[in-house]
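Working notes for the structure below.
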Amino acid sequence: MSVQHASIIRVDHGGLDVGAVGEGVPMTRVQLSRLPGERVLITGGGVEDQLDLAALPAYVRAREDDPAVAPRWVWDDTARWYPPLLAAGVRVARCHDLRLCRRVLRRAPAVDGRLLDGDESAHWDRLGPAAAPAHPTLFAADETSEHLRADLEDARQLAAVAASTEATRLGLLLAAESAGALAAAEMTYAGVPWRTELHERLLTDLLGPRPLRDALPPVLDELVAEVRRTFGAPGLNPESRTDLLDALGRAGVDVPDIRASTLRQVDHPAIEPLLRYKKLAHLFQTNGWTWLDEWVSGDRFRPSYQPAGSSTGRWSSNGGGALSFPVQVRSAAVADEGWVLVVADVAQLEPRVLAGMSRDSALARAAQGADLYQGMVADGAVATRQDAKLGLLGAMYGATSGESGRMVAGLTRRYPAAFALVDEAARAGERGQVVRTLLGRGSPSLGGSWDEEPDGPPSDLQALDRRRRAYGRFTRNFVVQGTGAEWALCWIADLRNRLWRLGGTGAIDRRPHLVLFLHDEVVVHAPAALADDVAAELEQAAAGAGRLVFRDFAVDFPLSISVVSSYGDAGKDKRKAGT
DNA sequence: TTTATGGGCGCC
DNA sequence: AGGGCGCCCATAAA
């Protein structure tokens, strides 16, 4: 009896819905369209009305507060509508993001694209993401994107899904994609609790005091001088590859590039200060005082997320660098007084996803337990954990040579279904065909000059072949990375509802809430007394995501969970899942 | 002056 | 001849 399962799935116009608050409640869809003059057209759900934009929060709140009538809000772009609602203290349970869902449907191989055509459909195809709330564009939004009829587009999308042979999976994908957009807006709204003074102390310890204007901090200044002295090159710019290659050449050193890993092989007294410069300069430029000024305010780091910003369906971050802020500065992310950060990550997400989507029972068996690679060793498939990792990653990335490539051959016999799936995806890509994730997201097509006449010189044929193979490696990885992103979306979609139900009153950031999502890792900011409850919800949501995506094929998704005050301490105090 | 591209590095 | 991103810089082109 899967109670959690039932509570997060419900039938909604033929699709699956992630995020219902109860069972057996009739679902309504309410479409919002913007009208000229700061007015909103509201259709569906038994109402048709015009409203002042300013009155919208009260209108929405009245329906969200009553689970019996809590509808699915259908709007052109979550990033346009939700931030002002959040600012007004309104939390939305579920939505349908027409822009994101249209992009999915447009590329989905199982969808008849003609069903998406109709009034204004060209406008919908051209829609880009709304500007991040923290950095609104100076120019007015494109008028063509302002006053579109949400109800017409909604009807088209519902019809396209219903007519598809993959209606159930696509419905789940669209619901998860939309829930992810809600989560993204909520995370930007709440922000990561950030201790500016800790961050500044870290910078000062490593770089010296903050420099004026465009000057370098003292430590970098001294390192530049040291590099120049040691090279005997007074005007050398350590950021310039030609300057560095020239200086190294004069010293009798010939290197193909100036990557840190290459320079480490070189024996020259300037290398050590140069590598130290590169590391500290990166910190100064990317996460230094300027970054603090721009992205941290009111003790919160508020990055901007772009759901499905990557073609595989992974999110990207187009402001603040949320998905790549270095380990070095994470110690400045500190929970509020009396609160904690609950940090959870999935070990070996993509290999587990591969086991599930290929229904490879041998790999799924190895995935039982906390360490999939160790499970492969226990299985007798490989000698060491490192071999297991090399072989599996090599299979997913398309390694053809080296140690990784050699491991792939041996593992193919032990895990035939899993390896056949990625190989088939690679061959399809090499033939120029699109591939799809388990829930039906389609890969971008090779497009362009793929079909051009091969009448060029031999070098063009070779270039074409390289391109063909590169696309094969892309499609090989796409199916796994993309399905992994779908699992993760289901995880956070369910999690945000669980956290909301966990209790507390008032705005979203007064309750346990998500503050960070990094592909296979989440950070929840929660009152310390609720830490154990949050950990339990994290695990139930992970188990639920596995059932949603892989149905009856069981795959373990064990979490590593840390309850910490500072994000920098996460992982040092890992607790075994379930305790 | 702005814009586009590629190297290099950070994250997954 | 190993997938996906963003961001910073230098450099070249416009």
Side-chain angles (χ1 to χ4, degrees), chain A residues 132 214 216 220 236-245 255-263 274-275 277-288 290-291 294-295 303-330 345-351 353-354 389-405 407-408 422 425-426 429-430 435 437 441 443-444 462-485 488 516-522 567:
Chain A
D214 299 325
L216 284 181
L220 286 181
L236 177 143
N237 176 1
E239 306 275 356
S240 160
R241 34 179 289 115
T242 46
D243 280 14
L244 284 176
L245 289 172
V255 285
D257 56 66
I258 55 163
R259 285 196 282 261
S261 57
T262 304
L263 294 178
L274 175 59
L275 290 177
Y277 169 87
K278 286 171 77 110
K279 188 147 195 70
L280 290 174
H282 191 264
L283 171 67
F284 170 64
Q285 290 153 354
T286 309
N287 295 98
T290 309
W291 180 89
E294 186 168 8
W295 297 107
S304 160
Y305 293 97
Q306 195 174 314
S310 136
S311 63
T312 59
R314 272 190 177 185
W315 292 12
S316 60
S317 168
N318 55 1
L323 272 54
S324 64
F325 70 82
V327 176
Q328 208 168 9
V329 301
R330 292 187 184 181
D345 72 291
V346 193
Q348 307 102 31
L349 172 62
E350 287 175 2
V353 163
L354 175 57
K389 188 173 178 176
L390 274 175
L392 213 41
L393 292 179
M396 291 188 296
Y397 290 153
T400 55
S401 60
E403 213 171 332
S404 184
M407 294 310 308
V408 171
V422 287
E430 288 174 2
V435 296
T437 62
R441 191 189 302 269
S443 63
Q462 281 177 10
L464 219 60
D465 193 55
R466 275 199 303 277
R467 192 172 159 204
R468 200 168 56 83
R469 290 183 185 281
Y471 187 65
R473 285 192 300 278
F474 167 66
T475 52
R476 171 193 290 270
N477 187 254
F478 177 93
V479 294
V480 181
Q481 188 185 120
T483 306
L516 205 59
F517 169 55
L518 306 172
H519 307 306
D520 62 357
E521 174 176 350
V522 295
Y567 191 19

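Letters A, B, ... mirror the listed sequences (proteins, then strands); counts begin at 1. Since this is a predicted model, take the numbers as computed values, not measurements.
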Give the rounded distance in Å between these two atoms: [atom1] of [X] and [atom2] of [N].
{"X": "A:Met396", "N": "B:dC12", "atom1": "CE", "atom2": "P", "result": "15 Å"}
{"X": "A:Ile258", "N": "B:dG6", "atom1": "CD1", "atom2": "C1'", "result": "12 Å"}
{"X": "A:Arg259", "N": "B:dG6", "atom1": "CZ", "atom2": "P", "result": "15 Å"}
{"X": "A:His519", "N": "B:dG10", "atom1": "NE2", "atom2": "P", "result": "16 Å"}
{"X": "A:Asn477", "N": "B:dC12", "atom1": "CG", "atom2": "P", "result": "16 Å"}
{"X": "A:Leu280", "N": "B:dG10", "atom1": "CG", "atom2": "C1'", "result": "14 Å"}
{"X": "A:Asp520", "N": "B:dC11", "atom1": "CG", "atom2": "P", "result": "14 Å"}

Could you tell me if the side chain of [Y] sits less than 4.5 Å from the side chain of [X], heavy atoms only?
{"X": "A:Pro351", "Y": "A:Met396", "value": "yes"}
{"X": "A:Leu274", "Y": "A:Leu244", "value": "yes"}
{"X": "A:Asp465", "Y": "A:Arg469", "value": "yes"}
{"X": "A:Gln328", "Y": "A:His282", "value": "no"}

Assign each of A:Ser317 and A:Gln285 the nucleotide of DNA chain C bearing its closest heavy atom; nearer the 5' end lies the nucleotide of A:Ser317

The side chain of A:Asp257 is closest to which nucleotide in this list: B:dG8, B:dG10, B:dC12? B:dG8

Chain A vs DNA chain C, heavy-atom contacts under 4.0 Å, first-to-last nucleotide span, 5' to 3', is C:dG2 to C:dT11

Heavy atoms under 4.0 Å, any strand shown: does [X] hit a base, just sugar-phosphate, or nothing?
{"X": "A:Val480", "result": "nothing"}
{"X": "A:Arg473", "result": "sugar-phosphate"}
{"X": "A:Gly319", "result": "sugar-phosphate"}
{"X": "A:Ala260", "result": "sugar-phosphate"}
{"X": "A:Asn237", "result": "sugar-phosphate"}

Do A:Gln481 and A:Tyr397 have side-chain N/O donor and acceptor atoms under 3.5 Å apart? no

Does the structure show a Watson-Crick or G-U wobble partner for C:dG2, both distances under 3.5 Å? Name it, or say none. none

For B:dG8 and A:Arg241 - does any side-chain N or O of the residue sit under 4.0 Å from the phosphate oxygens OP1/OP2? yes

Let's go through A:Tyr567 and A:Leu516 carefully: what are the C-alpha distance in whole Å and the side-chain angles of both, what is the deciding distance for side chain to side chain contact (heavy atoms under 4.5 Å, CB included) to 0.1 Å, and is it a yes or a no? CA-CA 11 Å; A:Tyr567 191 19; A:Leu516 205 59; 3.7 Å; yes

Trace of the side chain to side chain contact (heavy atoms under 4.5 Å, CB included) decision for A:Leu283 with A:Val329: CA-CA 9 Å; A:Leu283 171 67; A:Val329 301; 3.8 Å; yes

